[in-house]
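Input: a single structure, listed below in structure tokens.
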Amino acid sequence: MRYLMDVATLRDKLFDENVVILDARSNLERPDDGYEAYIEEHIVGAQYVHLEKDLSGEVHTHGGNHPLPDVDTFSQKLRQLGINNDSTVVVYDEGNEMFAPRAWFVLRYVGIENAYVLQGGFRAWKHAAYPVTSETKERKEGHFTPDVQHDLIITMEEVRDRHMETEVLLDSRAKNRYLGKIEPLYGKAGHIPGAKNYFWADILDEEGNWKSKEALQAHFANLKDYDTIIASCGSGISACPNVLALQIAGFDDVKLYVGSFSDWISYEENDIETKES
């Protein structure tokens, strides 16, 4: 499917010089766990990208807990990883989690067109008995020039002033956080007024694999009459699987509210809802 690659296809491309594999495993509470897992073992040839050090920028008063990284800094990182503008970049996390889609989104944002998420992640790769290693090897420096896709993101002001008839806001968090029944991360609980709850993990089937294009179209069927779909979550991480799934389902105008709820509540004047929209 669009933007997804299965492990057999990646195995066939393992020694293609134009293919760059990125390990994006992480943990929201312990973000260094992913790097430790990478050092222990990873897909042959894969290089590591850190959720907070590489895929996120500096946190300020506004902008949320995981703002996008500085474009110049991230572009230099991509060059160090051997990435060119025409490279095919395949990102994986432990399974079908939120971290590889976040990396995929940031890659798309800076202009990498051929970016893919590995279906099933590292777990599926190992289940297929494909080669892993603990060795790390640097690639020849790439020649990457960013081409920022500003239309992929949306600001707090644009979310606040959105046209309700044509633009719909999704909250990708679990239902109990959306309703404000629990909130483990932030000082306020609930959701942005008017947001509809589409828990990100519902894009996966009972086995934990990505649903088919047809199943995703059915999942998002109630959104087909909107011109623009805005995905949000807590801080722009778990919304990324929904962005990817919506594009697989054929929705073209999909935007990420990067700051999401953590940015929204940083403005005291912004209202919060705790009832389902």
Side-chain angles (χ1 to χ4, degrees), residues 1-4 63-64 66-68 96-113 115-117 148-175 177-179 190-205 210-265 270-273 275-277:
M1 291 186 290
R2 187 185 186 191
Y3 300 130
L4 288 181
H66 291 98
L68 290 177
N96 289 318
E97 299 178 335
M98 64 184 76
F99 306 109
R102 166 69 178 212
W104 166 86
F105 181 85
V106 180
L107 290 167
R108 295 277 299 166
Y109 174 70
V110 298
I112 299 290
E113 295 184 1
Y116 297 85
V117 167
V148 179
Q149 305 298 301
H150 295 286
D151 61 337
L152 294 181
I153 64 173
I154 193 166
T155 66
M156 186 281 293
E157 291 80 8
E158 290 172 313
V159 169
R160 184 189 59 204
D161 300 333
R162 68 190 184 278
H163 300 288
M164 297 292 190
E165 296 79 12
T166 60
E167 299 175 305
V168 61
L169 177 65
L170 309 187
D171 188 318
S172 306
R173 297 173 298 162
K175 176 71 66 99
R177 289 187 67 195
Y178 167 79
L179 294 176
H191 60 268
I192 299 169
K196 300 179 183 298
N197 187 222
Y198 277 76
F199 181 38
W200 76 269
D202 290 341
I203 64 173
L204 305 175
D205 62 22
W210 282 77
K211 290 179 178 178
S212 67
K213 177 179 179 179
E214 293 74 21
L216 290 174
Q217 288 173 335
H219 177 61
F220 295 118
N222 290 338
L223 307 177
K224 64 181 185 302
D225 292 331
Y226 291 98
D227 295 333
T228 301
I229 301 174
I230 305 164
S232 72
C233 54
S235 63
I237 307 298
S238 65
C240 291
N242 267 340
V243 173
L244 176 54
L246 284 160
Q247 296 207 355
I248 290 172
F251 294 87
D252 293 322
D253 192 3
V254 182
K255 302 181 187 297
L256 174 66
Y257 176 22
V258 181
S260 290
F261 189 68
S262 59
D263 177 51
W264 183 264
I265 61 174
N270 284 344
D271 293 330
I272 299 171
E273 286 185 350
K275 294 183 179 179
E276 190 155 7
S277 299

Next on the checklist: Check whether Phe261 forms a cation-pi arrangement with Arg173 (NZ or CZ under 6.0 Å from the six-membered ring centre, at most 45° off the ring normal).
Outcome noted: yes
Checklist entry - When the ring centroid of Trp104 is compared with that of Tyr3, is the distance short of 6.0 Å? => result yes
Checklist entry - Checking side-chain hydrogen bond (donor to acceptor under 3.5 Å, both in side chains) against His191, which of Glu276, Lys196, Glu273 comes through? => result Glu273
Next on the checklist: To the closest 0.5 Å, what do you measure between CZ (Arg108) and CG (Leu152)?
Outcome noted: 7.0 Å
Checklist entry - Can you check whether Ser277 reaches Tyr178 side chain to side chain, under 4.5 Å on heavy atoms? => result yes
Next on the checklist: Could you check whether any side-chain heavy atom of His66 comes within less than 4.5 Å of a side-chain heavy atom of Val258, counting everything from C-beta outward?
Outcome noted: no
Item to check | Close side-chain approach of Trp210 and Asn96, heavy atoms under 4.5 Å | outcome: yes
Item to check | Phe251 and Tyr226 aromatic centres sub-6.0 Å | outcome: no
Item to check | Gln149 atom CD: more than 12 heavy-atom contacts under 6.0 Å | outcome: yes
Checklist entry - What pair of heavy atoms forms the shortest contact from Ser232 to Leu169, and how long is it? => result OG-CD1, 3.8 Å
Checklist entry - Under the salt bridge (Lys or Arg N to Asp or Glu O under 4.0 Å) rule, what pairs show up with a residue in residues 152-166, not counting sequence neighbours? => result none
Item to check | Test item: Ile230 and Val168 side chains (from C-beta on) under 4.5 Å apart, heavy atoms | outcome: no
Checklist entry - Under 4.5 Å between any side-chain heavy atoms of Ile265 and Ile272, yes or no? => result yes
Next on the checklist: Please check this pair: side chain of Ser260 against backbone of Cys233, looking for a donor-acceptor N/O pair closer than 3.5 Å.
Outcome noted: yes
Item to check | Worked verdict on Ile112 versus Val106 for side-chain contact (heavy atoms from CB on, under 4.5 Å) | outcome: CA-CA 9 Å; Ile112 299 290; Val106 180; over 6 Å; no
Checklist entry - Quick one: CD1 on Ile237 to CE on Met98, what's the gap to the nearest 0.5 Å? => result 8.0 Å
Checklist entry - Under the 3.5 angstrom rule, does the side chain of Lys255 hit a backbone N or O of Asp151 as a donor-acceptor pair? => result yes
Checklist entry - Tell me, do Ile153 and Tyr109 make a side-chain contact under 4.5 Å, heavy atoms counted? => result yes
Item to check | Side-chain donor/acceptor of Gln217 to backbone N/O of Ala249, under 3.5 Å | outcome: yes
Checklist entry - Would you say the side chain of Val159 lies within less than 4.5 Å of the side chain of Ile154, judging by non-hydrogen atoms? => result yes
Checklist entry - How far apart are the C-alpha atoms of Phe220 and Tyr198, what are their side-chain angles, what is the distance that settles it, and do they pass the ring-ring contact (aromatic ring centres under 6.0 Å, His included) test? => result CA-CA 9 Å; Phe220 295 118; Tyr198 277 76; 5.7 Å; yes
Next on the checklist: Under 3.5 Å, is there a donor on one side chain and an acceptor on the other for Tyr257 and Asp263?
Outcome noted: yes
Checklist entry - Within a strict 4.5 Å, meaning less than it, do heavy atoms of the Lys175 and Phe199 side chains meet? => result no
Checklist entry - How long is the gap from CG on Leu256 to CG on Leu244, to the nearest 0.5 Å? => result 12.0 Å
Next on the checklist: For Gly64, is there any backbone N or O sitting under 3.5 Å from a side-chain donor or acceptor partner on Ser235?
Outcome noted: no
Item to check | Between CD1 on residue Ile203 and NZ on residue Lys211, distance to nearest 0.5 Å | outcome: 9.0 Å
Item to check | Residue pairs involving residues 236-248 (criterion side chain to side chain donor-acceptor pair (under 3.5 Å); sequence neighbours excluded) | outcome: Ser172-Asn242
Next on the checklist: What's the separation between atom CG in Leu170 and atom CD1 in Ile229, rounded to the nearest 0.5 Å?
Outcome noted: 6.0 Å
Checklist entry - What distance do Ile248 atom CD1 and Leu216 atom CG have between them, rounded to the nearest 0.5 Å? => result 6.0 Å
